[in-house]
Peer 1: 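Structure incoming, see below.
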Amino acid sequence: MSRQADPLYSLKELSEIYGASADTFRAWISNGELSAVNLSRDPSSRRPRFAVRQSSLDKFFASRETGEAIEARKTRRAVARREPYERIV
């Protein structure tokens, strides 16, 4: 699947679609369970503007169904060392 065909959703859109708060999605991103793209101009901003690709959502929900998300939460320190989102220039 090409990146152009993979839509991006803001956290607000995700909260409206799935009924979870934007803070819940933000927590999943910071824990490394859900990958996201930082759309802010300044990558070191205090409140980055996240967007999530449809393919990332598919992987995230599939991992939650199989129980892999529980393993990711157990290794929170290791996950915190990784960059939880990619930067679009």
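When a residue number appears, it is its place in the shown sequence, counting from 1.
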Peer 1: How close do Ser35 and Val52 get, heavy atom to heavy atom, and via which atoms?
Peer 2: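 Shortest heavy-atom separation between Ser35 and Val52 comes out as O-CG1, 3.8 Å.
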Peer 1: What residues form a side-chain hydrogen bond (donor to acceptor under 3.5 Å, both in side chains) with Ser15, not counting sequence neighbours?
Peer 2: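 None.
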Peer 1: How far does CH2 of Trp28 sit from CG of Leu11, to the nearest 0.5 angstrom?
Peer 2: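 Rounded to the nearest 0.5 Å, the CH2-CG separation comes to 11.0 Å.
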Peer 1: Mind listing the closest non-hydrogen atom pair of Ala36 and Ile29 along with its distance?
Peer 2: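 So the minimum-distance heavy-atom pair works out to CB-CD1, 3.6 Å.
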Peer 1: Decide yes or no for Glu33 and Arg64: does some side-chain heavy atom of the first lie under 4.5 Å from some side-chain heavy atom of the second?
Peer 2: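 SC-SC contact between Glu33 and Arg64 confirmed.
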Peer 1: Check for a donor-acceptor pair, side chain of Glu16 on one end and backbone N or O of Glu13 on the other, with a separation under 3.5 Å.
Peer 2: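 No; judged by distance alone, with no hydrogens or angles, the pair does not exist.
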Peer 1: Look up atom CG in Leu8 and atom OG in Ser55, then write down how far apart they are to the nearest 0.5 Å.
Peer 2: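 One gets 9.0 Å once the value is rounded to the nearest 0.5 Å.
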Peer 1: How long is the straight-line distance from CZ of Phe25 back to CD1 of Ile17, given to the nearest 0.5 Å?
Peer 2: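 Reported value, rounded in 0.5 Å steps: 8.5 Å.
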Peer 1: Which pair of heavy atoms, one from Leu34 and one from Ser56, lies closest together, and at what distance?
Peer 2: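 Smallest interatomic distance, heavy atoms only, reads CD1-O, 3.8 Å.
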Peer 1: I'd like to check the side chain to side chain contact (heavy atoms under 4.5 Å, CB included) partners of Ala27; sequence neighbours left out, ordered by chain and number.
Peer 2: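 Expected list: none.
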Peer 1: Ignoring hydrogens and angles, state whether a donor on the side chain of Ser40 or Asn38 is under 3.5 Å from an acceptor on the partner side chain.
Peer 2: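 Side-chain D/A pair, Ser40 to Asn38: present.
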Peer 1: With sequence neighbours excluded, what pairs up with Gln54 under the side chain to side chain contact (heavy atoms under 4.5 Å, CB included) test?
Peer 2: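 Only Asp6, Pro7, Tyr9, Leu57, Asp58 meet the side chain to side chain contact (heavy atoms under 4.5 Å, CB included) criterion with Gln54.
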